[in-house]
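Just the heavy atoms: all of them, side chains too, but no hydrogens, waters or symmetry mates, feed the values below. First the proteins, then the strands, lettered A, B, ... as listed; each starts at 1.
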Amino acid sequence: MVELLLIDGKYTRKIELDAKALGKLKKFKTLAVYAAVQFSSGLQSILAQLKKECITVVSSKPARTKEQFQILGCDVYHENMHLQENVDAYLYIGDGRFHPLALVFQQRGQKFKEVFMYDPIANALAILTEKDIDAILKKEKASLKLFLMKRRIGVLLTTKPGQLQFKASLALLKKYPEKEFYFFLDNTLNSKNFENFPFIEVWVNTACPRIGLDDAVYMKQPLINLMDALEAEKKLSGV
Amino acid sequence: MYDLELEKVVLHIQKKKTKRVLLQLPDGLKPEAQKIVQEIQKKTDAQVFIWLGDCFGACDFPLGLEGLQIDLVIQWGHNTFIKELGW
């Protein structure tokens with residue numbers, strides 16, 4: 001058996017908000033703070049800065065993470081965030097957009113709060129809003145409608161052990177007995193291969209949920225995530 | 001800028017007598033691969049491979065490594081992934 005050794009790759013420099021960034025955050029009373037694992041254990045200075053400005057900081061340990069403040073790219077469902085408090089905005093510490101976009105996705109169906117991204121390397125504060133995922137949400141809505149209407153569904157399973165969700169996918173059979181489900185297996189999912197199976201009308205992704213969001217918007221064929229397929233009617237009615 | 005914990009990595013390989021190791025790095029740390037390989041090869045007898053493609057998290061573990069007799073995968077930039085039923 002292959003052993004796995006995980007190294008956080010912790011950021012070694014002091015993480016602090018610059019005056020400009022702090023100035024923009026001052027207007028909020030309560031901020032939910034999250035970070036990538038490289039930064040999540042080095043937030044003491046930022047937390048002290050926010051406290052000094054009388055900003056209440058809250059956070060959580062989302063379902064698949066190991067520690068408080070940490071966020072993963074797959075944290076795209078609000079219930080998985082385990083965040084108890086109402087917040088005025090989110091603050092993400094780290095570089096890139098992959099993780100902070102999860103904070104935007106997890107607000108689908110919720111009253112939207114802005115997501116601020118502070119990059120400690122560039123000392124830059126940027127903002128993500130609902131507009132950043134507008135095209136993705138439109139495509140998702142259309143695909144959900146098609147899923148409910150169509151009969152022949154392709155279920156995509158990955159052989160990656162961390163992302164394999166065959167057992168969870170069986171709930172589709174129970175929930176939609178009138179549909180025909182075809183189960184497809186691959187290591188890395190590539191939508192080019194969909195063309196070889198023209199009888200499939202809608203695809204359901206059971207692997208990383210970012211495939212059904214960020215990637216699905218570029219696919220010709222309709223593709224939705226398993227958890228959204230299982231709640232398609234509820235999602236479309238906005239409940 | 002990032003703590004690669006190379007001392008820990010080398011000690012782990014020496015202790016486990018690892019023969020073949022695969023390194024997986026998130027995109028931002030991929031340029032550090034040269035330094036990591038050189039350090040491992042200087043201090044251990046392990047053959048080192050570098051994963052070319054994406055590695056989005058600890059959930060993203062490559063398959064088929066047994067064929068190459070890789071006995072250790074080291075991922076940087078990730079920690080324990082707690083798998084649950086569904087997402």
Toward chain B, the part of [X] with a non-hydrogen atom under 4.5 Å:
| X | result |
| --- | --- |
| A:Ile121 | side chain |
| A:Asn225 | neither |
| A:Thr65 | backbone |
| A:Thr188 | neither |
| A:Gln38 | side chain |
| A:Ala207 | backbone |
| A:Leu4 | both |
| A:Val2 | both |

Go through the side-chain N and O atoms of A:Lys220 and A:Ser191 and say whether any donor and acceptor fall under 3.5 Å apart. no
Between the side chains of A:Tyr77 and A:Asp228, does any donor sit under 3.5 Å from an acceptor? yes
Minimal heavy-atom distance between A:Pro62 and A:His82, with the atoms involved, is C-ND1, 4.3 Å
Electrostatic pair A:Lys66-A:Asp8, nearest N-O below 4.0 angstrom: no
In plain terms, say whether A:Glu140 and A:Lys235 are close enough for a salt bridge, that is, a side-chain N and a carboxylate O under 4.0 Å apart. no
Here the gap from A:Ile224 atom CD1 to A:Leu146 atom CG, rounded to the nearest 0.5 Å, amounts to 9.0 Å
To the nearest 0.5 Å, atom OH of A:Tyr182 lies from atom CZ of A:Phe184 at 8.5 Å
A:Glu79 atom CD, neighbour heavy-atom count above 12 within 6.0 Å: yes
Measure up the A:Phe166 and A:Phe183 rings against each other and bin them: parallel (under 30°), tilted (30 to 60°), perpendicular (over 60°). perpendicular
So which of [options] has the largest heavy-atom pair count under 4.5 angstrom toward chain B?
| options | answer |
| --- | --- |
| A:Thr159, A:Asp75, A:Thr158, A:Leu72 | A:Thr159 |
| A:Lys160, A:Met1, A:Glu67 | A:Lys160 |
| A:Leu5, A:Val37, A:Thr12, A:Asp95 | A:Leu5 |

How would you list, in number order, the residues of residues 41-57 of chain B that have a heavy atom less than 4.5 Å from chain A? B:Phe56
Suppose a student defines contact as a heavy atom less than 4.5 Å from any heavy atom of chain A. Which residues in residues 68-81 of chain B would they list? B:Ile70, B:Asp71, B:Leu72, B:Val73, B:Ile74, B:Gln75, B:Trp76, B:Gly77, B:His78, B:Asn79, B:Thr80, B:Phe81
Taking A:Ser59 for the side chain and A:Val33 for the main chain, is one N or O donor matched with an acceptor at less than 3.5 Å? yes
Donor-acceptor pair, A:Ser60 side chain versus A:Met81 backbone, under 3.5 Å? yes
Look at B:Lys16, B:Lys83, B:Gln24 and state which one has the largest set of heavy-atom pairs under 4.5 Å with chain A. B:Lys83
Heavy-atom pair count under 4.5 Å with chain A, highest-scoring of B:Val9, B:Leu85, B:Leu25, B:Leu4: B:Leu85
Considering only heavy atoms, which portion of B:Asp27 lies under 4.5 Å from any heavy atom of chain A: side chain, backbone, both, or neither? neither
Flag the pair A:Phe39 / A:Tyr11 as yes when their ring centroid distance falls below 6.0 Å, and as no otherwise. yes
Between A:Phe194 and A:Trp203, is the ring-ring contact (aromatic ring centres under 6.0 Å, His included) condition met? List the steps. CA-CA 9 Å; A:Phe194 294 175; A:Trp203 296 89; 4.2 Å; yes
Taking side-chain hydrogen bond (donor to acceptor under 3.5 Å, both in side chains) as the test, write out the residues that go with A:Asp214, two or more places apart. A:Arg210
By side-chain hydrogen bond (donor to acceptor under 3.5 Å, both in side chains), which residues pair with A:His78, not counting sequence neighbours? A:Gln106
Charged tip of A:Arg13 within 45° of B:Tyr2 ring normal and under 6.0 Å: no
